[in-house]
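Following: one structure in structure tokens, then a few remarks.
For clarity, every value in this text was computed on a predicted model and none was experimentally measured. Note: hydrogens, waters and symmetry copies are ignored here, and every other heavy atom, side chains too, is used.
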Amino acid sequence: PLRTYLLAFVRIQLVLLLSLIFLRARMHWQTIFKTFLFIATATMDNAAAFSLRVITSNIRYAAPASTYEKPWSVRGPLLIETISATANTTTTTTTTSPIPIIGMQEVLHKQLLDILAGLNSGESGSGEEWAYLGTGRDDGAEAGEYCPLFYQPARLKLVDSTQKWLSPTPDVPSYWPGAGSRRYVIVAVFEDNATGTRFIAANTHLDNASSQARSEGVKIVLKTIRDVQGVYGSGGELPVTLSGDFNSQPGGAAYSVLVG
């Protein structure tokens, strides 16, 4: 069940998200961010099923404005507005919105603070404020890009989380040899507050410069998920979602490792 669920979700997400990433190069950032927004809504098929909405977006770090790119001061509010609306949208079969999990990539610390403040601006006093997991990739604190997971503690209890760098030394901020940047995966176990159902959510950003770093990195992603599953899925495999920017095309080495 874990492998079937994971591969079905990832196979769809990789094909769509990687197609969108390919469009980024073609469009030279003439769009603000919607090229990078992918949403999947799924119902967990177990004893206490519930609806989960997984949203992933490479938000583009706050680069200086250029001919082809709007500054973060313009992109940020539009991103936050769209993500917030998407997270709170109901489906045709429910009267309440599915539980949202948001994975992002290329998030600098200032952008993280802006996003958190923006998501929470309409939730003050509602009991559905947002929290996040993840650090800056360069020092395990605030330096470099984050690859965060956003969730609402009022709807989801955080049971446990772990962060591993995609390198030969995954417990400390580090590179895979030949990689262009430090990369990591964040893996969390959540429990639905309403039903007690648990699941695993993971978010990552594979390297853009090295095929080997991508394929070896995704092996660490899968191992980390399996290790967490081994601790918390002993009574039966927990459902898994994996979001991210994989910097890979269908049929590429990393893709083949992930779905093979």
Which residues share a side-chain hydrogen bond (donor to acceptor under 3.5 Å, both in side chains) with W165, sequence neighbours left out: none

side-chain hydrogen bond (donor to acceptor under 3.5 Å, both in side chains) against T135, all qualifying residues, sequence neighbours excluded: Q163

Those residues that, when tested against A131, pass side chain to side chain contact (heavy atoms under 4.5 Å, CB included) (two or more places apart): Y151, P153

Those residues that, when tested against K157, pass side-chain hydrogen bond (donor to acceptor under 3.5 Å, both in side chains) (two or more places apart): none

If you look only at distance, which donor and acceptor atoms sit under 3.5 Å apart when one is on a side chain in residues 140-149 and the other is two or more places apart or in another chain?
unit_1	atom_1	unit_2	atom_2	d
E145	OE1	R137	NH1	3.1
Y146	OH	H109	ND1	2.7
Y146	OH	A141	O	3.2

With F150 via ring-ring contact (aromatic ring centres under 6.0 Å, His included) - residues at least two apart: none

Donor + acceptor pair across side chains of Q105, S243 (<3.5 Å): no

Other ILVMFWY residues reachable from L108 by side-chain steps of under 4.5 Å: Y61

Salt bridge (Lys or Arg N to Asp or Glu O under 4.0 Å) contacts in which one or both residues fall within residues 172-182, not counting sequence neighbours: D138-R182

Qualifying salt bridge (Lys or Arg N to Asp or Glu O under 4.0 Å) pairs with a residue from residues 78-87, counting only residues at least two apart or across chains: none

Set of side-chain hydrogen bond (donor to acceptor under 3.5 Å, both in side chains) partners for N193, sequence neighbours left out: none

Partners passing salt bridge (charged side-chain N to carboxylate O under 4.0 Å, His left out) against D227 (at least two apart in sequence or in another chain): K223

Identified side-chain contact (heavy atoms from CB on, under 4.5 Å) counterpart of V221 within the set N203, V257, V185: V185

Residue pair S210 / D207, side-chain donor-acceptor N/O under 3.5 Å: no

Linked, directly or transitively: V54 and L119 (ILVMFWY side chains, under 4.5 Å): yes

Side chain to side chain contact (heavy atoms under 4.5 Å, CB included) partners for A117, two or more places apart: none

